[in-house]
Colleague: 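The structure is given below, and queries will be raised subsequently.
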Number of protein chains: 2
Amino acid sequence: MSATKEIAPKKSDETRARILEAALTLFRKHGFEKTTMRNIAREAGVALGAAYYYFDSKDALVMGFYERAQDDLSALLGEALPKTKGLQEKLHTLLSIKFDYFQPNRELLRALSGHIDPEHPLSPFSEETRTIREKDVSFFANLVEDAGLRIPHDLRMHLPRLLWMYQMGLLLFWIYDRSPRQVQTKRLFEKSLSIVVNLIKLSGFPLLRPVRKIVTNLLEIIVGADESAVADAAR
Amino acid sequence: MSATKEIAPKKSDETRARILEAALTLFRKHGFEKTTMRNIAREAGVALGAAYYYFDSKDALVMGFYERAQDDLSALLGEALPKTKGLQEKLHTLLSIKFDYFQPNRELLRALSGHIDPEHPLSPFSEETRTIREKDVSFFANLVEDAGLRIPHDLRMHLPRLLWMYQMGLLLFWIYDRSPRQVQTKRLFEKSLSIVVNLIKLSGFPLLRPVRKIVTNLLEIIVGADESAVADAAR
DNA sequence: GTCTATATCGGGATAGAC
DNA sequence: GTCTATCCCGATATAGAC
């Protein structure tokens, strides 16, 4: 009978949600920097200490935002992707959905884009965001799988991560795109996407083998650095 | 007689230098975040107000560091580069000198690497750092000039900026390289440099014209975005 | 113009009472 | 779980010594 643990998390989990909601509202309205924890607490109708009780820091609120976005996007993608065919269409759909989803929070993302240091908890490369990142990479892995292309093994093993980085690059460009309705990003997106897809399709072409080797060699140095850093951290 | 203006700026310009020096020392010793303006003032043997008299903010101290680095590097490069021959050797020398110069401040640079937003004064892409950046790009322009290669016009006009971005990428990788003596960066550097140089040398090869077009097209979208942003800011 | 001393404020974060 | 009080620090301002 006391299944309150799993079934009814209503208790004052709702307070937490209210605080997060208040924070996001204010972030969107006045920007991240200008929004103070005091404002957030007031907007949510709690005391400052209460806000800190639920979220260890202002950054923890951002983490809450990341997690919610991941959940929402997971649902949206799971819905839309199965209806698509081919690598290009799938990638186009995935990225379009992300752009649409993050549109209202573009300014917030800009304020957060400074977190590039893998040591920083909010960095897209940090240990703290690892599960989010890996889930995100897995979308690309599934997408490549479902596209059903024949891709050389050496490239294939890096492809999900590579596409994830392509996505991050596009998002970064988009965040700082000051053209009217981010049409520049749109242009870059369309143009680069077909190049990327063509490169992947061509990658099995025997003549391109040396080129592929050069690319995968570079990749291995970069990823290798990543892995030894992880090994480092584990010690 | 009263040529104090140009000849003897010793007055208490020296104080300014001392404050900057104190700041850098503390940044190196305790990191950027943990160093307070109060500490800096104390280390320099002046009052807090004096520190703010010379530097409007903690960030202004960083700007001072950038400017000094630019001056120092300008001298070092002007000394070393004329003794080199060929694109590869020149690029290798330039980048090696930068790595060596920044080595003691690697941690500081890591703390600053978050300034990626072109709106932020300390960003390498900001208006405030424009002259520094342009001077830096001009090193690459001269270097390409002096290497005396025949390079297609469409690529040549983008090349200095492109090489500058290559440099920034390497520096970024280096800043976060956790391998023993940044040997990973060393590997990436050697390997990528010869690829870059070979690509440039091959760029005039007629068969590669379509490839070059693809690259320059993408570049123009990206740079175009940059320029319209500048035009935007001017309005 | 150069600098000290000090007071004040805003905001992130914490301690401890209830 | 929630609130009040408090601390720390960056930043600003002011009054005044030299």
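Sequence lines set the chain letters: A, B, ... in the order given, protein chains first and strands last, and positions in each chain run from 1.
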Colleague: Kindly state each residue pair satisfying ring pair (Phe, Tyr, Trp, His ring centres under 6.0 Å) with at least one member in residues 28-54 of chain A, sequence neighbours excluded.
Modeller: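 Non-adjacent pairs meeting ring pair (Phe, Tyr, Trp, His ring centres under 6.0 Å): A/Phe27-A/Phe32.
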Colleague: Return the CZ to CG distance between A/Phe99 and A/Leu170, rounded to the nearest 0.5 Å.
Modeller: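 Between A/Phe99 CZ and A/Leu170 CG, I get 5.0 Å after rounding to 0.5 Å.
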Colleague: Before giving the answer on side-chain contact (heavy atoms from CB on, under 4.5 Å), spell out for B/Phe65 and B/Asn105 the whole-Å C-alpha distance, their side-chain angles and the decisive distance to 0.1 Å.
Modeller: CA-CA 10 Å; B/Phe65 165 63; B/Asn105 299 300; 3.6 Å; yes
Colleague: What is the distance from NE2 of B/His30 to C1' of D/dC9, rounded to the nearest Å?
Modeller: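 Whole-Å distance recorded here is 16 Å.
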Colleague: Verify the contact: side-chain N or O of B/Thr36 to OP1 or OP2 of D/dC9, cut-off strictly under 4.0 Å; return yes or no.
Modeller: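 False: B/Thr36 side-chain N/O out of range (4.0 Å or more) of D/dC9 OP1/OP2.
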Colleague: Taking atom CZ as the centre, does B/Arg187 end up with more than 12 heavy-atom neighbours from other residues, nucleotides or ligands that are less than 6.0 angstrom away?
Modeller: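 Incorrect, the count does not exceed 12.
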Colleague: Going by the angle between their ring planes, with limits at 30° and 60°, are A/Trp164 and A/Phe125 parallel, tilted or perpendicular?
Modeller: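 Correct class here is perpendicular.
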Colleague: Starting at atom NZ of B/Lys34, determine the distance to atom P of D/dC8, rounded to an integer number of angstrom.
Modeller: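 Taking NZ of B/Lys34 and P of D/dC8, I get 16 Å after rounding.
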Colleague: What integer distance in Å separates A/Phe32:CZ from C/dG12:C1'?
Modeller: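 Between C1' of C/dG12 and CZ of A/Phe32: 11 Å.
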Colleague: Just how far, in rounded Å, is C1' of C/dG1 from CD of B/Glu14?
Modeller: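 Going from B/Glu14 (CD) to C/dG1 (C1'), I get 16 Å.
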Colleague: Which listed nucleotide (C/dG1, C/dG11, D/dC3) is nearest to the side chain of B/Tyr53?
Modeller: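 The answer is C/dG1, which lies nearest to the side chain.
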Colleague: Is any side-chain N or O of A/Ser12 closer than 4.0 Å to OP1 or OP2 of D/dT2?
Modeller: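 For A/Ser12, the contact criterion (side-chain N or O under 4.0 Å from OP1 or OP2 of D/dT2) is met.
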Colleague: Scan nucleotides 13-18 of chain C nucleotide by nucleotide, 5' to 3', and note B when protein non-hydrogen atoms come under 4.0 Å of the base, S if they reach only the sugar-phosphate, - if neither.
Modeller: BB----
Colleague: Report the distance from atom CZ of B/Arg42 to atom P of D/dC9, rounded to the nearest whole Å.
Modeller: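 Taking atom P of D/dC9 as the reference, CZ of B/Arg42 is at 11 Å.
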Colleague: In this structure, how many angstroms lie between the P atom of D/dC8 and the CD atom of B/Glu33, rounded?
Modeller: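 Interatomic distance, CD of B/Glu33 to P of D/dC8: 19 Å.
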Colleague: Test A/Leu94 against A/Gln167 for side-chain contact (heavy atoms from CB on, under 4.5 Å), laying out the working first.
Modeller: CA-CA 10 Å; A/Leu94 185 152; A/Gln167 163 196 252; 4.0 Å; yes
